[in-house]
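These values consider heavy atoms only, across backbone and side chains, with no hydrogens, waters or symmetry-generated copies.
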Amino acid sequence: MKTIKLQQTFFKSSNRAHNFSGSPAFVSSVVERTISGAIFCVKQSYVIRTDSGLYFVTGPVEEELYAFLQRCMTGDGRFTLFVTDTSWQQRLDAAPIRKIPRYAYSLDTAVYQALPRLHTAYPIQRIDAKTIMMSTEFPQVYYEEYWGSVSQFLAHGSGFCMMDEEQIVGEATAIFQSTTAAEVDIFTHPDYRGKGIAKQLAMAFIDHCLAQNITPHWDCDVRNTASIVLAEKIGFTTRKPYAIYVRK
């Protein structure tokens, strides 16, 4: 991972004292070097970027940093910018990019711990190299895009799947994970929906996070009703609106 200076200012990524409060899970993954990325800074403002093309900006609006983001907007490859700060959103609303409203949820652990544990529809097991080779939703290329490699995910990430004999019927995997935060990505096979599989897998993932003292993250588009209903059903009771910006 590279730390790049703007205005002759460096941020040392190994220094975890800096507070990226309210940031998406991939930020701590970059800071801890769980995934490859870069950190750009001007004074007390930062842009954190993953190699897969995700960006997060935080701190006071700095025109030099905004100019840097403008260059990234018009470059090649993916550009998805996560913004929680309203001042940055106001600045970016004038840019020639598309704004997508999203929710970031926080887990109420008391509500979650009070939920009944039901018998699972099918056996749950950890995602491993074999199940990744079998997966159609989260195959090898998924982990290569977000983690750099399958081996990096297996070393630092976690995930669970349900199997009906040799058929993967559902998966809950960490799209990003560090020692402090993990964001879950969930899929249920169309032929097995309506059986509570997503809920059971999500709870297996959350149980694992809480046992490791990792904060589980749940983010989704404001129009994703299914994700919103599931999140609130399992104890993600507090939601905070933010936005992502992508090329038109």
Side-chain angles (χ1 to χ4, degrees), residues 1-4 11-20 23-40 46-56 77-78 80 82 104-105 107 109 120 122-163 166-189 197-198 200-219:
M1 185 197 71
K2 297 183 295 182
T3 303
I4 298 178
F11 171 73
K12 295 180 180 180
S13 62
S14 58
N15 178 8
R16 300 183 190 175
H18 188 86
N19 179 24
F20 291 117
S23 63
F26 70 78
V27 169
S28 60
S29 295
V30 172
V31 170
E32 294 184 12
R33 304 186 185 187
T34 304
I35 61 172
S36 296
I39 298 172
F40 305 83
Y46 300 89
V47 168
I48 296 88
R49 184 192 70 194
T50 72
D51 282 359
S52 60
L54 304 184
Y55 296 73
F56 174 69
R78 180 178 183 178
T80 303
F82 290 66
Y105 279 89
L107 183 71
T109 53
T120 57
Y122 300 94
I124 295 179
Q125 66 181 67
R126 286 290 295 267
I127 290 174
D128 56 22
K130 180 181 178 181
T131 59
I132 289 172
M133 292 299 293
M134 297 168 59
S135 177
T136 57
E137 187 67 19
F138 304 126
Q140 179 176 331
V141 292
Y142 173 90
Y143 295 100
E144 289 173 344
E145 177 179 4
Y146 292 107
W147 284 86
S149 66
V150 169
S151 61
Q152 186 71 359
F153 166 77
L154 294 176
H156 300 283
S158 56
F160 298 86
C161 64
M162 272 192 189
M163 304 285 296
E166 294 300 310
Q167 170 73 55
I168 295 177
V169 302
E171 296 177 85
T173 193
I175 184 171
F176 300 109
Q177 184 171 325
S178 66
T179 60
T180 58
E183 182 178 346
V184 63
D185 210 349
I186 298 179
F187 175 76
T188 303
H189 190 285
I197 289 173
Q200 292 170 338
L201 284 169
M203 292 179 70
F205 185 90
I206 294 167
D207 285 345
H208 176 76
C209 287
L210 296 180
Q212 303 297 316
N213 201 28
I214 295 172
T215 300
H217 283 225
W218 191 292
D219 289 28

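Contact check for Gln212 versus Gln177: no side-chain heavy atoms found under the 4.5 Å cut-off. Side-chain contact between Ile214 and His208 is absent, with no heavy atoms from C-beta onward closer than 4.5 Å. In this structure, Ile35 and Tyr146 have side chains that are not in contact, with every pair of non-hydrogen atoms separated by 4.5 Å or more.
Interatomic distance, Cys161 SG to Gln167 CD, rounded to the nearest 0.5 Å: 11.0 Å. Note that CD1 of Ile175 is 10.0 Å distant from CG of Asp219, once rounded to the nearest 0.5 Å. The CZ atom of Arg33 sits 14.5 Å away from atom OG of Ser28, with the distance rounded to the nearest 0.5 Å. With values rounded to the nearest 0.5 angstrom, Ile168 atom CD1 is found 12.0 Å from Thr188 atom OG1. Within the model, atoms CG of Asp51 and CD of Glu145 stand 11.0 Å from one another, a figure rounded to the nearest 0.5 Å. Annotation: the span from Glu144 atom CD to Ser52 atom OG amounts to 13.0 Å, rounded to 0.5 Å.
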Original post:
Given the rule in the side-chain contact (heavy atoms from CB on, under 4.5 Å) test, do Met163 and Val169 qualify, once you have shown the distances and angles that lead to the verdict?
Top reply: CA-CA 6 Å; Met163 304 285 296; Val169 302; over 6 Å; no

Subject >> side-chain contact (heavy atoms from CB on, under 4.5 Å) between Ile186 and Phe205, worked out >> reply: CA-CA 10 Å; Ile186 298 179; Phe205 185 90; over 6 Å; no

**OP:** Begin with the C-alpha distance, continue with both residues' side-chain angles, and end with the deciding distance and a verdict on side-chain hydrogen bond (donor to acceptor under 3.5 Å, both in side chains) for Asp185 and Tyr142.
**Re:** CA-CA 11 Å; Asp185 210 349; Tyr142 173 90; 2.7 Å; yes

Original post:
Given Ile197 and Tyr122, is the side-chain contact (heavy atoms from CB on, under 4.5 Å) satisfied, shown in steps?
Top reply: CA-CA 8 Å; Ile197 289 173; Tyr122 300 94; 4.1 Å; yes

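Nearest heavy atom pair, residue Arg49 against residue Val30, reads O-CG2, 4.0 Å. When all heavy atoms are compared, the tightest approach of Gly159 to Phe153 is N-CZ, 4.1 Å. The two residues Pro216 and Leu210 make their nearest non-hydrogen contact at CD-CD2, 4.2 Å. The shortest heavy-atom contact between Cys209 and Ala182 is SG-CB, 3.9 Å. Contact detail for Val184 and Ala172: the closest heavy-atom pair is CG2-CB, 3.9 Å. Heavy atoms only, all atoms of each residue included: Phe160 and Ala204 are closest at CE1-O, 3.7 Å.
Put simply, the side chain of Glu32 gets close to the backbone of Thr179: a donor and an acceptor are under 3.5 Å apart. Checked by atom type and distance alone, the side chain of Trp147 pairs as donor or acceptor with a backbone atom of Ala174 at under 3.5 Å.
When each of Phe56, Phe40, Phe20 is checked for a ring pair (Phe, Tyr, Trp, His ring centres under 6.0 Å) with Tyr46, only Phe20 meets the rule.
For Phe82 and Phe26, the ring centers are positioned less than 6.0 Å apart. The distance between the ring centers of Tyr143 and Phe138 does not fall below 6.0 angstrom.
Remark: Gln200 pairs with Thr120, Ala121, Met162 by the side chain to side chain contact (heavy atoms under 4.5 Å, CB included) rule, at least two apart or across chains.
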Tabulate below the donor-acceptor pairs under 3.5 Å that side-chain atoms of residues 126-134 make, not counting sequence neighbours, or state none.
unit_1, atom_1, unit_2, atom_2, d
Asp128, OD1, Lys130, N, 3.1
Asp128, OD1, Thr131, N, 2.9
Asp128, OD1, Thr131, OG1, 3.3
Thr131, OG1, Asp128, N, 2.9
Thr131, OG1, Asp128, O, 3.0

